[in-house]
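Have a look at the structure below, then the notes.
Note on naming: letters A, B, ... go to the chains in the order of the sequence lines (proteins, then strands), and numbering restarts at 1 for each one. Since this is a predicted model, take the numbers as computed values, not measurements.
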Amino acid sequence: MYQFQYFRPKSLDEARKLYENNGDAKFLAGGQTLIPTLKQRLAQPTALIDLGGIAMSGIKVAGGVVTIGAGTKHFDVASSADVKGAIPALSHLASHIGDPAVRHMGTLGGSIANNDPAADYPAAVLGLGATIKTTSRTISADDFFTGMFETALEEGEIITEVSFPVPEKAAYMKFPNPASRYAMVGVFVAKTKGGVRVAVTGAASSVFRESAMEAALTKSFTPDAVAGIKVSPGNMNSDLHGTAEYRAHLVTVMAKRAVATIA
Amino acid sequence: MPSVAMTVNGKAVSGEVETRTLLVHFLRENLRLTGTHVGCDTSQCGACVVHVNGKAVKSCTMLAVQAEGAQVTTVEGLTQDGKLHPVQAAFKEHHGLQCGFCTPGMIMTAVDMIRRIPDLDEKTIRAELEGNLCRCTGYQNIVKAIEAASKEMKGARA
């Protein structure tokens with residue numbers, strides 16, 4: 001790791017000021033992606049502003065909405081009876097991020113602010129049509145994820161909580177990379193008040209909605225409705241773990257399996 | 001250099017560290033608690049697992065300064081009055097190790113899962129060991145040891 005200054009503010013106000021006063025600062029949440037990134041010298045922030053000292057964790061279920069504080073650990077989401085009761089698919093997703101030790105540190109806010117193309121949480125946030133609350137505004141999931149490791153967050157803007165509307169039903173199916181457990185492809189399918197939503201992670205440069213599948217599932221919410229849909233490999237990732245064609249095929253298979261668990 | 005203070009194995013400790021010093025290096029190099037190992041150094045193998053505020057974490061993926069004020073337990077902290085912790089004893093009894101490199105992390109992960117999950121079956125143990133790699137044993141005896149320790153500790157609590 002390169003050298004950096006370290007701050008642990010007690011409030012969001014203090015965090016924002018520290019960010020403004022430090023040229024190339026980065027916010028540190030659970031650190032499960034940022035610290036490995038720093039170890040590989042893939043980033044060189046002048047300062048780390050640790051958000052771990054600011055109370056931003058907790059889970060509330062009220063009025064058909066599950067609201068989760070940005071600092072809430074994956075483990076706490078996975079083991080929450082409230083989340084499991086309201087949105088079992090979200091609980092299932094959180095329980096399959098990384099491994100138990102990683103889930104004890106990693107946070108919801110950190111995961112979606114990073115927007116790793118193969119991360120799990122972006123699929124739930126987009127698939128459920130969640131709302132992201134920050135220090136300055138609220139952002140809809142459809143506007144939040146803008147590209148590979150890119151989000152709508154402005155400089156110094158901090159996610160404080162995410163609200164997930166409770167769907168009629170939802171499921172998440174991922175094909176994990178056998179070594180890292182990141183999603184080779186993960187598909188989140190939700191039947192919501194606003195219609196059917198299908199969000200795909202791991203396959204392309206950023207999480208995206210698969211509109212052909214949404215249309216097909218709106219007509220008939222069955223595995224067969226998506227089984228015949230061929231996804232174009234045009235925008236898919238191709239790397240040592242799998243080709244674009246392989247990932248495109250996996251999108252259909254994972255979507256079919258997700259629907260099968262709830263149809 | 002910043003200084004950091006925390007409680008390790010019940011003892012108040014402090015030291016001068018760089019901000020970039022990892023918790024595992026603070027434990028091994030400043031405190032000379034070399035039971036905690038660095039295996040892959042990429043959050044995958046789990047040889048560095050310790051407990052921070054009662055939860056298993058990978059100490060190679062946490063800065064020492066993040067543990068300011070925390071309660072840390074390493075494998076050295078499990079033995080009480082010269083007597084092996086039930087999980088340590090079970091690893092010995094069931095031959096849950098060969099070279100022993102992964103063992104401290106395996107044991108700390110095992111203690112954590114036994115604390116969280118009252119009825120551990122083989123399938124759950126294997127799933128919970130997701131973040132701990134062993135290159136010798138094929139996991140068979142590690143799983144057996146954790147299952148045995150879990151039963152014994154449950155018996156002791158009853």
Side-chain angles (χ1 to χ4, degrees), chain A residues 1-10 22 25-53 57 71 73-76 78-79 92 95-107 110 176-182, chain B residues 1-4 17-25 36 38-70 105-106 108-117 120 124-133:
Chain A
M1 276 184 267
Y2 295 109
Q3 290 280 16
F4 50 80
Q5 282 190 287
Y6 172 86
F7 302 100
R8 193 176 170 88
K10 292 270 186 298
N22 283 279
K26 265 195 184 297
F27 293 117
L28 171 67
Q32 301 303 284
T33 304
L34 181 53
I35 292 176
T37 305
L38 295 175
K39 283 161 79 171
Q40 292 180 71
R41 295 195 165 182
L42 294 172
Q44 190 173 8
T46 52
L48 285 191
I49 302 167
D50 185 354
L51 303 176
S57 66
K73 315 278 197 226
H74 308 329
F75 174 80
D76 294 320
S79 57
H92 167 83
S95 73
H96 287 79
I97 300 172
D99 59 56
V102 167
R103 293 195 286 274
H104 281 151
M105 289 291 287
T107 70
N177 179 304
S180 71
R181 307 303 182 197
Y182 271 103
Chain B
M1 277 206 292
S3 64
V4 66
V17 293
E18 289 188 293
T19 53
R20 62 183 172 176
T21 301
L22 296 168
L23 178 59
V24 67
H25 292 135
T36 305
V38 181
C40 70
D41 201 19
T42 55
S43 336
Q44 297 186 53
C45 80
C48 67
V49 170
V50 301
H51 296 179
V52 175
N53 295 328
K55 285 182 174 157
V57 305
K58 293 184 164 173
S59 62
C60 83
T61 311
M62 182 171 181
L63 302 171
V65 287
Q66 280 179 285
E68 172 72 35
M106 286 287 177
M108 297 312 284
T109 297
V111 171
D112 180 71
M113 78 170 86
I114 291 169
R115 177 185 59 78
R116 284 187 286 115
I117 308 165
L120 275 173
T124 311
I125 294 169
R126 287 184 184 274
E128 287 286 322
L129 285 178
E130 178 93 59
N132 291 76
L133 301 181

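- Other residues, nucleotides and ligands place no more than 12 heavy atoms under 6.0 Å from the NZ atom of A/Lys26.
- Nearest heavy-atom pair, B/Gly131 versus A/Pro100, reported as atom, atom and distance to 0.1 Å: N-CD, 4.5 Å.
- For A/Leu34, no part sits under 4.5 Å from any heavy atom of chain B, backbone or side chain.
- At distances below 3.5 Å, at least one donor-acceptor pair connects side-chain atoms of A/His104 with backbone N or O atoms of B/Ala56.
- Taking the side chain as every heavy atom from C-beta outward, A/Phe7 and B/Val65 never approach each other to under 4.5 Å.
- Residue A/Ile35 holds its CD1 atom at 7.0 Å from CG of B/Leu22, rounded to the nearest 0.5 Å.
- Your options are B/Lys55, B/Lys58, B/Met113, B/Met108, and the one with the most heavy-atom pairs under 4.5 Å with chain A is B/Lys55.
- With a 4.5 Å cut-off on non-hydrogen atoms, A/Phe75 touches chain B through its side chain but not through its backbone.
- A/Lys39 places a side-chain N or O within donor-acceptor distance of the main-chain N or O of B/Asp41, the cut-off being under 3.5 Å.
- Each of A/Arg8, A/Gln32, A/Gln3, A/Arg103 has some count of heavy-atom pairs under 4.5 Å with chain B, and the biggest count is that of A/Gln3.
- The shortest distance between side-chain heavy atoms of B/Leu63 and A/Leu28 falls below 4.5 Å.
- For the options B/Glu18, B/Arg20, B/Glu130, heavy-atom pairs under 4.5 Å to chain A are most numerous at B/Arg20.
- Ranking B/Glu68, B/Gln66, B/Glu128 against chain A, the residue ahead of the rest is B/Gln66, based on heavy-atom pairs under 4.5 Å.
- Among B/Val49, B/Val57, B/Leu129, the residue with the largest count of heavy-atom pairs under 4.5 Å with chain A is B/Val57.
- Contacts between B/Met62 and chain A at a heavy-atom distance below 4.5 Å involve backbone atoms as well as side-chain atoms.
- Judged by distance alone, with hydrogens and angles left aside, the side-chain atoms of B/Thr19 form no donor-acceptor pair with the main-chain N or O of A/Tyr6 at under 3.5 Å.
- Between atom CG of residue A/Asp99 and atom CD of residue B/Gln44 there is a gap of 9.0 Å, rounded to the nearest 0.5 Å.
- In this structure, the portion of A/Met105 lying under 4.5 Å from any heavy atom of chain B is its side chain and not its backbone.
- Only the side chain of A/Leu48 comes within less than 4.5 Å of a heavy atom of chain B; its backbone N, CA, C and O stay farther away.
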